[in-house]
Amino acid sequence: MDYNFIEIEKKWQQYWRDNKIYKVDIDHSKPKFYVLDMFPYPSGAGLHVGHPLGYIASDIYARYKRLKGFNVLHPMGYDAYGLPAEQYAIQTGTHPAVTTEKNINRYREQMDKIGFCYDWDREVRTCEPGYYKWTQWTFLQLFNSFYCNGCQKAQPISKLIARFEEKGTEGLNVAESKPLSFTAAEWKAMSEKEQQEVLMNYRLAYQAEAMVNWCPGLGTVLANDEVADGLSVRGGFPVERKSMKQWQLRITAYADRLLQGLETVDWSESVKDLQRNWIGKSMGASVIFKIEGKDIDLEVFTTRADTLFGTTFMVLAPEHELVSEITTPEQRAEVEEYITRTKNRSERERMAEVRKVSGAFTGAYGINPITGAKLPIWIADYVLMGYGTGAIMAVPAHDSRDFAFARHFNLPIIQVVKQPGTEPSDPATWEESFDAKDGELVNSGFLNGLPVKKAILRMIEELEKLGVGTGKTNYRLRDAIFSRQRYWGEPFPIYYKDGMPYAMDESKLPLELPAISEYKPTETGEPPLARAKNWVTEEGYPIETNTMPGFAGSSGYYFRYQDPHNDKEYFSREANDYWQNVDLYIGGAEHATGHLIYSRFWCKFLYDIGLSCKDEPFQRMINQGMIQGRSSFAYRVNMEKLCEYGVWNMIKDNKLGVKFEKDFKDGRRRFDFFCPEKGILIEINRMGNLEKVAEPWQEYAESKGYKLLMVPIIDVVNDYEKGTNVVEQKIKDLIAGKDVPAFVEGTPFTGAMFVSKNLPDRELFSDPIHVDINMVRNDVLDVEAFRQWRDDLHDARFIFEKDKDGNDVFVCGSEVEKMSKSKYNVQNPDDLVEKYGADTLRLYEMFLGPLEQSKPWDTQGIEGTFRFVRKFWRLFHNENNEFCVSDEPATAPELKSLHKLIKKEEDGIESISFNTVVSAFMICVNELADLKCNKREILEPLTIMLSPYAPHIAEELWHLLGHDTSVVNASFPVYDESKTMENSFNYPVSFNGKMRFNMELPVTMNADEVQAAVLAAPESAKWIEGKQIRKVIFVPKKIVNIVVG
RNA sequence: GCGGGUGUGGCGGAAUUGGUAGACGCGCUAGACUUAGGAUCUAGUUUCUCACGAAGUAAGGGUUCGAGUCCCUUCAUCCGCACCA
């Protein structure tokens, strides 16, 4: 009939493509704006309605900015490396590039249907050599750099070598794996291999042994954020801790800058907090303890140096290198047993036993550097090797874990901090430790009386004076493991000479991924690349067989969009000077500790080496919420329960004149119901079950003189469905003393039965099962569709309820859950585009609620937005669907409606509150429809304003309005406040703060005039009567409040 | 345990930042038009009350002429992190 979205959308998508409407280039006459979506990994499943949510939001923002005169960079591409395609390759032999290409095409097809304004000429894919050349290049720069702590900046490794040649490590202040000490002469005396080993200690990309998350099921290591609950996030295989030689990125060198930088970006507090937490900066002290009878220093890290007087024992991580050295012969067996036990425990088991206290005594003692006290040294797995020094001084009085440990092993507890104004008490009486971070020191010599914060500083001072400790900052952040034992990733431009890794020359880039015969690890456990033929350099040196992890390619992709076809450099100076960094980044918060931290590191490094002009990649970030599914349920009847329920309802409360009881037991026999008065036993069960017990039970009943009735469930069901009362009649007959056969065989009941949601006591005899939401409308199930859905449901039976018109209906229950295939609640955007059009889908996704919140998808709700779009269309058309727009000047109410909307839209888009803008559109169109407005002066700006949300219909109407250029290049209308002004205001009049009536008054009236007018109003009399007017509050154009009393 | 978010009709959610609570949409109710309605249009729809009116933004308290909004206490719920010394 009217608005033909299928044709319109196809036509304009074609037009945009043919005319490259969304292609952008550097244009110094306009300010730039960079809007970016998080890099998608194209999975095989395609998109559901939750995925495009962020893309639609960014698209609207990009289009809006463009209408506002900005040159907007809005690109899209693919994070193409990923485990699923590789797993599929291992299983089927299909090259991951093939799978990936297929998935990308599907993604693209779905995205095109929604009408996004991406500049597809800038598309990048991480798996293409032209792209990963620069991933490899960046790796080489990292390999050839070290981090200078003094200047807080990455520097070329050549500078470090020059320094070593001049004065060795003297006065060196750089990021390092472990402190080394050598002179210039010693450095020069080293062999090349030794020098290379030393340099590994400083490179920003380096190779070292590391405890990794090894996943045997996948044959690779995983990053921390790829592991959850000791299982791999993808695939759910067990993960174990293992020490392996791995490439790593020295991201810890940037810990402080990563923390500082958070202050300069406009991100949600929660994501910033997540990152702060992940970086985990804690300031404290390193303290050296001597070991009794040995010349060994044991270094610990503590944030509570003030509690040094209260330390009563020490604990090492079981893997600590000093353990075997200090363990006494008597304790060796126990210690070794403990180490084996903890080592063999998987990560999963270890986490499950978090609260279990365990440990072993080494027999050695540490000496408190301040008090000289002897402290027994234990090992326990509550101390982690990876944090601090892997050793702690335990202060049981003021740390809950130490407290639990001391209690368990009967170690002394000394209180050294008390709550101000209280007296110290005997820790033996405590139920938990006193962990308070504000308090006053006691039992602590020179610290007595000091508050905690001052005591910490005072103690550090003392430690430094005595040369037994220093103030120190510790980070929880670990260096990022950068190698994967996988095929589908970027090869490292690294070869091995004499067992030592060397960087390839940049001229050899890109180092392309070779073809291999099979995608799994070799029989000897080497990575798949070891299968590649001739995987050696021209000189014959073997090339690295690990590949880079997923985050390698996604850490700097936003740079490449700025200059995607440059084969001379990563991106040009000119491009970066113009586009700079991302102004608005939209994506999920789940990347907080992965992608978003690696990208920041990547960017800071490129900033250090002079490539990037900004040191933060994403200025403003919005994290869209999840769209949840709304699942529907049918209630599957548990037949036995249902029948028991039905019969019980029939006989309970003396309904048939005699009393029955439930669950009668005699020995091992159990009957559903029993009537002592008449000696009637009733059992309801499946036919088969009754057959088995029929004989012995009849004998039993006879022996006791009882009458027995065995009811097959089919009988009860028949009564239900046919409205007969066969079962009831039998019971009545029994009560009346008639003889009724105990058991009549019939056709056994087969098939499933379902009960409508609102039937009484439904929950007593049914369990919900998911049904496909496409078979449900307004919670009513399409019973026929349901029967056809699955083979086992063909002869399903239903217990219906009546709707208001007395028809039988089957009502489903519902629940909000994650959208997933297995819950049959997935909404596919393609279906919706087909049914309502992309414009309606875009509007509805935005209308659903605030972008950042998760919200359920309401299948019906889209109808409302669809109605709006058609109403919008009708503003431009007459009853015969002929385009009909008038050139008459607009009236004041029409202009007011328009300008209210301009203001709303500007405010709404800037504050990412798209849902309110859609509402405002609806209000405006409702008003204009009421005014029967079809004036160009109103409709033309309105079309421009709608175009970010509904670009297709806007483009169509824009051309119908007589334009021959795209609406994308139009200008956003300018807000004119005077158009929304009125000369009177409908004041709400309140008495004591309660609104009583409205009163239309001129805005020019002053307070006194308003007061007079209001008090003179007839409605006021009732409220003033018998009371005194204490005060009148008048806020112009807001409210009048009269205080009476 | 720690950190962050969120609590408003049957539902999704508004409320110009301290000024008419429930905009807009779904659903629901009634009516119109229709052979029909899962189309369209009109009216109504926070709760209680016949009504006058009263109550009302998770609960309780406070500040204020006025509180969904600010402050304090409690509860619920979701999401992170979790032996981090």
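Order of the sequence lines fixes the chain letters, A, B, ..., with proteins taken first and strands second; residue numbering starts at 1 for each chain.
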Pairs: protein N or O with nucleotides 19-23 of chain B N or O, under 3.5 Å:
residue	atom	partner	partner atom	Å
B:A23	N1	A:Ser919	OG	3.4

Expressed as a whole number of Å, how far does the [atom1] atom of [N] sit from that of [M]?
N: B:C28; M: B:G9; atom1: C1'; result: 12 Å
N: B:A67; M: B:U74; atom1: P; result: 24 Å
N: B:U29; M: B:G19; atom1: P; result: 37 Å
N: B:C65; M: B:U45; atom1: C1'; result: 33 Å
N: B:A58; M: B:G3; atom1: P; result: 24 Å
N: B:U46; M: B:U64; atom1: P; result: 34 Å

Test applied, side chain to side chain contact (heavy atoms under 4.5 Å, CB included); reference residue, A:Glu905; option that passes from A:Phe921, A:Tyr975, A:Phe914: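 For A:Glu905, the side chain to side chain contact (heavy atoms under 4.5 Å, CB included) check succeeds only for A:Phe921.
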Glycosidic conformation of B:G9, syn or anti, with 90° from 0 as the boundary?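 Syn conformation here, the glycosidic angle of B:G9 being no more than 90° from 0.
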With syn defined as a glycosidic torsion within 90 degrees of 0 and anti otherwise, which applies to B:U17?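 Syn.
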Report the residue (A:Glu269 or A:Ala920) whose heavy-atom-nearest nucleotide on RNA chain B is the more 5′ of the two.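 Residue closer to the 5' terminus by nearest nucleotide: A:Glu269.
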If each of A:Asp782 and A:Gly390 is mapped to the nucleotide of RNA chain B with the nearest heavy atom, which maps nearer the 5' terminus, i.e. the 5' end?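 The residue whose closest nucleotide sits nearer the 5' end is A:Asp782.
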Assign the ring pair A:Trp430 / A:His398 to parallel, tilted or perpendicular, where the plane angle (0 to 90°) is split at 30° and 60°.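 Rings of A:Trp430 and A:His398: perpendicular, as their planes differ by over 60°.
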Complement of [N], any strand, by Watson-Crick or G-U distances under 3.5 angstrom:
N: B:G68; value: none
N: B:A32; value: B:U40
N: B:A54; value: B:U47
N: B:G25; value: B:C11
N: B:U77; value: B:G5

Taking only N and O in the side chain of [X], is any of them less than 4.0 Å away from OP1 or OP2 of [N]?
X: A:Arg874; N: B:U40; answer: no
X: A:Arg867; N: B:C26; answer: yes
X: A:Asn926; N: B:G25; answer: yes

Identify whether any heavy atom of [X] sits under 4.0 Å from a base atom; if not, whether one sits that close to sugar-phosphate; answer base, sugar-phosphate or nothing.
X: A:Ser268; value: nothing
X: A:Lys903; value: nothing
X: A:Arg996; value: sugar-phosphate
X: A:Val315; value: nothing

Pairs satisfying salt bridge (charged side-chain N to carboxylate O under 4.0 Å, His left out), at least one member in residues 841-861 of chain A, at least two apart: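 Residue pairs passing salt bridge (charged side-chain N to carboxylate O under 4.0 Å, His left out), neighbours aside: A:Asp59-A:Arg842.
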Any pair counted as salt bridge (charged side-chain N to carboxylate O under 4.0 Å, His left out), so long as it reaches residues 382-399 of chain A, sequence neighbours left out: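 Those involving residues 382-399 of chain A are A:Asp399-A:Arg401.
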Which of the following nucleotides, B:C83, B:C65, B:G13, is nearest to the side chain of A:Val1043?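 The answer is B:C65, which lies nearest to the side chain.
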Among B:G4, B:A85, B:G25, find the nucleotide with the atom closest to the side chain of A:Met922.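 Given the options B:G4, B:A85, B:G25, the side chain of A:Met922 is closest to B:G25.
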Taking atom types as modelled and ignoring hydrogens, do the side chains of A:Tyr475 and A:Thr252 form a donor-acceptor contact shorter than 3.5 angstrom?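 A:Thr252 and A:Tyr475 do not have a side-chain donor-acceptor pair below 3.5 Å.
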Between A:Lys472 and A:Glu299, is the closest basic N to carboxylate O distance under 4.0 Å?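 Yes.
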Roughly how many Å is it from CD1 in A:Ile862 to P in B:G12, rounded to a whole number?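 Result: 18 Å.
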Roughly, in whole Å, what's the span from CG in A:Asp858 to P in B:C24?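 Result: 18 Å.
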Which residues pass the side chain to side chain donor-acceptor pair (under 3.5 Å) test with A:Thr303, sequence neighbours left out?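 Applying side chain to side chain donor-acceptor pair (under 3.5 Å) to A:Thr303 gives none.
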Can you tell me which residue pairs pass the side chain to side chain donor-acceptor pair (under 3.5 Å) test with a partner in residues 917-929 of chain A, sequence neighbours excluded?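 Qualifying pairs: A:Lys871-A:Asn926, A:Ser897-A:Glu927, A:Lys900-A:Glu927.
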Side chain to side chain donor-acceptor pair (under 3.5 Å) contacts touching residues 306-320 of chain A (sequence neighbours left out):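 For residues 306-320 of chain A, and leaving out neighbouring residues, the side chain to side chain donor-acceptor pair (under 3.5 Å) pairs sorted by first residue read A:Arg304-A:Asp306.
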